[in-house]
Amino acid sequence: MKQLMEGSEAMAEAAIAAGCRFFAGYPMTPFTELHEHFARLLPESGGVCINAESELEAVGMSWGALATGARAATGSTGQGLSLMQESFSEITLAELPLVIFNMARGQQDYFQSTRGGGHGDYRHIVLAPMDIGEAVEHTQLAFHLADTWRTPVLIYGDYLLAHVQEAVDVTPIAFPPVPAKEWAVDGSLTGTGRSRIVSPLGFDKHGRPSEGIENHLRAIIANQERIAAEEVRVETGYLDDAETVIVAFGPPGKFVRYVVAALRAEGQKIGYVRPITLWPFPYDAVADAAERADRVGVFEMCAGQMIDDVRLGVLGRAPVTFIGGISTDGSGFGVGPLLDVEHIRARILALHRGEPLPPLPHNQRQF
Amino acid sequence: MGDVRSGLDMSGTVTIDVDVCKGCELCIGACPPRVLTMSEPVNRLGYRYPELASGCTGCAACQLICPDFVFEVFRSPRDPSNKSGAEGARASSRSDSGAWPERPGPQGQERK
Amino acid sequence: MVQPPANVELRQVGHKLPELLLTQEHHMCPGCGEPLALRGYLEAISELGLASRAIAVAGIGCYTSFSMTMDIDLVQALHGRAPSVATGVKRMRPDSIVFTIQGDGDMVNEGLQEVLHTAARGENVTCILLNNGVFGETGGHMTSTTVLGQRTKSSLDGRDAEYHGYPILIGDLIAQLQGAVYVARGSVHNAGAVARTKRMFKRAFEIQDRGGGFTFVEVLTMCPTGWFIPTLDGPEYMTETLGEVHIMGELKVDGVVRSTEELRAENLRKSAEVEQALARGGIDDHG
């Protein structure tokens with residue numbers, strides 16, 4: 001049954017529907033409300049939510065909860081996630097199924113999310129819902145993918161997903177079974193000679209064959225290659241005869257989709273690609289679209305980060321132009337005036353017609 | 001397990017697992033009756049190791065101070081000299097003196 | 001293992017190895033104090049019958065190599081982060097006995113806020129600090145517990161208050177927090193201290209087992225390699241430097257903080273008892 005719900009509440013409800021039992025976070029706009037809803041909902045469902053004293057501690061607490069086999073999550077805004085990056089690197093190497101919510105300030109965290117702000121060769125899955133309905137689905141999918149692949153999954157949200165209300169259905173989604181967590185610690189094997197170790201370092205307990213750090217790292221990468229092959233998610237539209245292809249993700253991707261549909265109705269040969277997984281990135285879909293198109297535009301609410309991946313996908317098949325830009329409200333936390341159908345339409349049309357891009361709109365509120 | 005040197009006297013003795021000794025000599029300073037001395041030869045790791053002379057009281061100080069867990073300690077409870085030596089010290093240790101180890105019972109009883 | 005001659009009835013005293021170790025061998029340097037603390041908490045867990053519920057969370061330091069050789073369900077944490085990880089473990093497994101193992105660099109430098117907040121929250125876990133006043137694993141650098149005058153590779157002429165600042169007495173600091181119910185500082189400079197420290201571990205674990213709240217056991221450990229001294233000098237060097245500043249004893253019992261004067265007096269009294277015991281045993285100096 002659908003209910004009108006703020007995005008933050010819907011995502012917290014969805015996480016609990018997916019079996020999340022632990023959440024730790026640290027307040028930060030626009031992530032704060034998600035944390036508030038976890039704080040209210042988790043204890044009601046037998047779980048635990050901790051208002052951690054820092055992001056460093058929040059991710060550590062979730063790490064501990066995960067090690068016991070519980071479904072656990074943490075989150076913040078990109079700025080707060082910067083503090084957690086060391087742990088994200090190592091949790092990936094420890095093969096723990098952490099779900100991370102980034103309620104980002106715009107789309108400036110693409111690099112952070114997909115390249116990993118932390119050290120090492122790691123990647124983890126990044127889901128980018130375009131609206132609250134999809135965020136509810138992605139939240140549940142995130143826990144499933146995390147357990148299936150034993151890897152962190154990040155959900156890329158933003159101010160809109162956090163604060164807009166939509167009518168959504170938070171019924172639990174049935175997924176295929178996930179592997180049993182025989183690695184999880186509960187103390188029961190202490191002193192038996194068969195005790196367990198959950199570690200990013202690639203060492204097993206003494207006496208058991210240890211893969212060693214080099215093989216451990218290679219195994220992690222092999223797993224990531226399988227994820228890259230199997231978990232790409234993308235939505236495309238109107239590509240068959242598109243002369244211009246626009247690539248955009250998240251809520252701006254939904255705006256682009258709307259504008260492209262409207263322009264199509266007017267007879268303009270424009271299509272779109274909306275990456276749903278930012279990692280693994282849908283390189284093939286982008287390449288395929290570029291193969292047939294004359295030009296590719298990238299719309300992002302930042303200085304242009306995903307455009308790097310688009311260029312890697314296009315690989316010279318067509319010119320790639322950035323048509324987005326930095327646009328925030330006066331606080332820097334929320335949505336700027338660029339995220340508007342008229343502005344997006346004007347920029348897409350300018351690219352399509354080979355005209356100069358209109359100047360970026362400015363927010364009216366100045367401190 | 002390699003060469004194990006043991007000594008034996010009236011009240012106690014230790015076995016010394018010399019192969020894993022790293023020669024730190026902490027036991028030498030810790031031994032109340034001063035019956036441990038360092039060997040001339042070295043073990044497989046290249047370290048000198050303790051050797052036991054007679055006079056051990058089985059007090060277990062060496063066991064407690066050894067970072068490499070080389071000592072196994074035994075006492076002869078029926079020996080009358082035990083009373084005046086190790087057992088005497090043990091009795092006074094029960095007041096949490098900070099000087100003497102707790103004395104767990106025989107291994108068979110202590111372990112599950 | 002060659003056993004002693006069978007012609008005398010012998011009773012084994014203590015255990016050669018802690019029950020919860022998978023192997024005797026380890027990578028610690030000669031004269032290291034950390035295995036002595038290790039013996040203390042492993043034997044405390046075994047003897048209290050808590051083994052089948054024990055989960056360890058280890059930080060990063062020399063002692064991390066014990067993560068692989070302790071027969072304990074274990075979560076390997078990042079440098080500084082073990083108390084938070086332990087919090088997550090305990091909240092999901094409240095019936096288990098959860099303890100952290102950290103060094104002074106890990107706990108007091110990198111992760112100071114973690115242990116303070118965990119204590120303040122009164123998490124029902126036991127945090128163990130192996131304090132040698134130096135970054136041993138990197139080769140002897142100054143930490144937040146390095147005492148004034150102590151020479152390290154990053155305080156070559158000794159720690160100077162004006163230049164390097166003052167040490168943090170972490171046990172004393174934690175004792176001030178309402179959430180901490182039991183705070184003790186042990187030492188492994190001699191056999192008696194090792195035994196006394198083991199009793200501290202036991203008290204801490206017993207409190208955790210009955211849901212008593214946050215417990216903290218700091219242990220002063222020798223690091224002759226990081227102190228650049230002969231192994232045999234380790235205990236004396238430690239008592240004369242670290243031990244003079246980080247005072248051994250039970251700093252907080254049943255939520256009541258004890259004064260440094262009280263601890264010093266108690267340590268003197270215990271030393272006298274030791275002397276007496278030694279005299280009765282007819283044994284040489286063993287203070």
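Residue numbers begin at 1 in each chain, while the letters A, B, ... track the order of the sequences.
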Among Cys32(C), Cys29(C), Pro30(C), the one residue meeting side-chain contact (heavy atoms from CB on, under 4.5 Å) with Lys22(B): Pro30(C)
Side chain to side chain, Arg75(B) and Gln12(C), heavy atoms closer than 4.5 Å: no
What closest approach, in Å, do Val194(C) and Ile65(B) show between heavy atoms, and which atom pair accounts for it? CG2-CD1, 4.4 Å
Under the 3.5 angstrom rule, does the side chain of His15(C) hit a backbone N or O of Glu72(B) as a donor-acceptor pair? no
Just checking Glu206(C): does its CD atom have more than 12 heavy atoms from other residues, nucleotides or ligands closer to it than 6.0 angstrom? yes
Using non-hydrogen atoms only, which part of Met222(C) is less than 4.5 Å away from chain B: side chain, backbone, both, or neither? side chain
Does Leu232(C) reach the side chain of Cys24(B), with side-chain heavy atoms less than 4.5 Å apart? no
The interface call for Cys21(B) against chain C, heavy-atom contacts under 4.5 Å, is neither
Should Glu25(C) and Arg44(B) count as an ion pair when the cut-off is N to O under 4.0 Å? yes
Drop me the distance from Asp68(B)'s CG to Gln24(C)'s CD, to the nearest 0.5 angstrom. 8.0 Å
Looking at every heavy atom in both Ala60(B) and Val13(C), which two are closest together, and how far apart are they? CB-CG1, 4.0 Å
Please evaluate residues Thr23(C) and Phe69(B) with respect to the criterion side chain to side chain contact (heavy atoms under 4.5 Å, CB included), reporting the C-alpha separation (whole Å), side-chain torsions for both, the decisive distance (0.1 Å), and the verdict. CA-CA 10 Å; Thr23(C) 175; Phe69(B) 311 125; over 6 Å; no
What verdict does the side chain to side chain contact (heavy atoms under 4.5 Å, CB included) test give for Leu36(C) and Leu64(B), after you've listed the backbone C-alpha separation in whole Å, the side-chain angles of each residue and the deciding distance to 0.1 Å? CA-CA 7 Å; Leu36(C) 308 179; Leu64(B) 282 165; over 6 Å; no
